[in-house]
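Before any comments, here is the structure.
Within every chain, numbering begins at 1; the chains are lettered A, B, ... in the order of the sequence lines, protein sequences first and strands thereafter.
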Number of protein chains: 2
Amino acid sequence: MNVKHDKEKVVQIGLNLFCSKGYTNVGLDEICSATGMTKGAFYNAFESKENFLLETLARFDKSNTERINTVLAPKKGVKAVDQLFEFYSYMIKVQPKVNFMGCMVNNMMSELGAINENVAHVTSKGFENIINAVEPCVQRAQHEGDINPDYDSKEMATLLHSTFYGVLTRAKSLGSNKKGLKTMELLFTNLKTK
Amino acid sequence: MNVKHDKEKVVQIGLNLFCSKGYTNVGLDEICSATGMTKGAFYNAFESKENFLLETLARFDKSNTERINTVLAPKKGVKAVDQLFEFYSYMIKVQPKVNFMGCMVNNMMSELGAINENVAHVTSKGFENIINAVEPCVQRAQHEGDINPDYDSKEMATLLHSTFYGVLTRAKSLGSNKKGLKTMELLFTNLKTK
DNA sequence: CCAAACAGACTAATCGGTCTGTTTAAAATA
DNA sequence: TATTTTAAACAGACCGATTAGTCTGTTTGG
């Protein structure tokens, strides 16, 4: 792996494959040809296909959380609720350009959550990490009077993200993001203080 | 199929298998042993595995829509918003008892929506059918003053169901329905007229 | 010179699907 | 009603393709 292959890149390619086609629907031959590896190289670097998946999930978890923390960090002159809305809008808008890959946590929860304990564990944790990254921004929006402050900010973040996942899943079949955008807009409208 | 096997039952068993393990993760041998069929019997009754899936989806679509129509039909002395909440609560509460199967439309959208046109089509249609079944009850809740009447009832139904799907997916990994129940409650709280 | 990285042929198991019969139930004939 | 005919239902061995993973080398960099 040190010689010809960059583990970071290999994991990223696997992540993309798993997200767009699903874990079970991507074989090792496809992984190898997509990464330019041979089986020898792959199994020298990773214990198994499942272990490889867990590494891609770990990488997704890390970069995803960092990204959310960055995007939703307090920004002068920008309302927290607008940051939240922009974040989710962007994530939905970008789907057609990324082959409707959606979110790896959501995808793997759906495909393997009920039949693989390891995946169930890391995806549950991944979801929690996301919520913890979103929650501070929700809290600010509540302080700024744009989101109803009567409810727990973590629960509100969970509601936002759960709806977001439902929207992402539907977009896969629709091959479109328009309805999902409307749904997300409507949620935000209803969460605002009246 | 007429002699020894009841197609209705076979399709129902397949539906359960596909929902709890996913389409790709269920092989024909498993389908055959679960239904007590042989390959000869199976391929005499169904064109292919994919065709079998489409039949199970059609059956799910039909019975699911009928069920929603029944459960959400106007009921004297019961508020529409309570019917909606009870419906979604029940669907979430029952998950531990049904192996966290979730909803077939959601599951197949997630697993195959982006890679199989036929499945994408029927699941999109299935979602639409659900919304059309939920929408009248939302409309009544709006008339009764329990859901904000400022927004299109179909969009509101879509929001409800999208969140529901996000919750179902997460429940698979959590192996629990409690957090999902709270999320759904919170959504209802925020949709009520203030 | 040595251990890690890599190449890729190979394996056993499983995949969806086919094929050749055999059974069966009902229609046609007597 | 009894017998024959026929097509659908069924059984399950079998098929080529593919699966994840292994094993025996060979290359490579320190």
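The minimum heavy-atom distance linking B:V119 with A:S173 is given by the pair O-OG, 4.5 Å.
As a whole-Å value, the separation of B:E50 CD from C:dG17 P is 9 Å. As a whole-Å value, the separation of B:Y43 OH from C:dG21 P is 22 Å. Going from atom NZ of B:K7 over to atom P of D:dA8 covers 14 Å, rounded to whole Å. Spacing between atom CZ of A:F46 and atom P of C:dA5 amounts to 12 Å, rounded to whole angstrom units. Summarising the geometry, the separation between CZ on B:F42 and C1' on D:dC14 is reported as 18 Å, rounded to the nearest angstrom. In this entry the distance linking CG of A:N44 with P of C:dA3 reads 15 Å, nearest Å.
Every side chain to side chain contact (heavy atoms under 4.5 Å, CB included) that B:V81 has, sequence neighbours left out, goes to B:K79, B:A141, B:D146, B:I147, B:F188, B:K192. Under the ring-ring contact (aromatic ring centres under 6.0 Å, His included) criterion, A:F42 pairs with A:F46, A:F52, not counting sequence neighbours. For B:N132, the side chain to side chain donor-acceptor pair (under 3.5 Å) partners at least two apart in sequence or on another chain are B:K154. For A:T163, the side chain to side chain donor-acceptor pair (under 3.5 Å) test picks out B:T163, with sequence neighbours left out.
Applying the side chain to side chain donor-acceptor pair (under 3.5 Å) rule to pairs touching residues 83-98 of chain B yields B:Q83-B:R140, B:Y88-B:H161, sequence neighbours excluded.
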Sub-3.5 Å pairs of nitrogen or oxygen atoms, protein against nucleotides 12-15 of chain C:
none

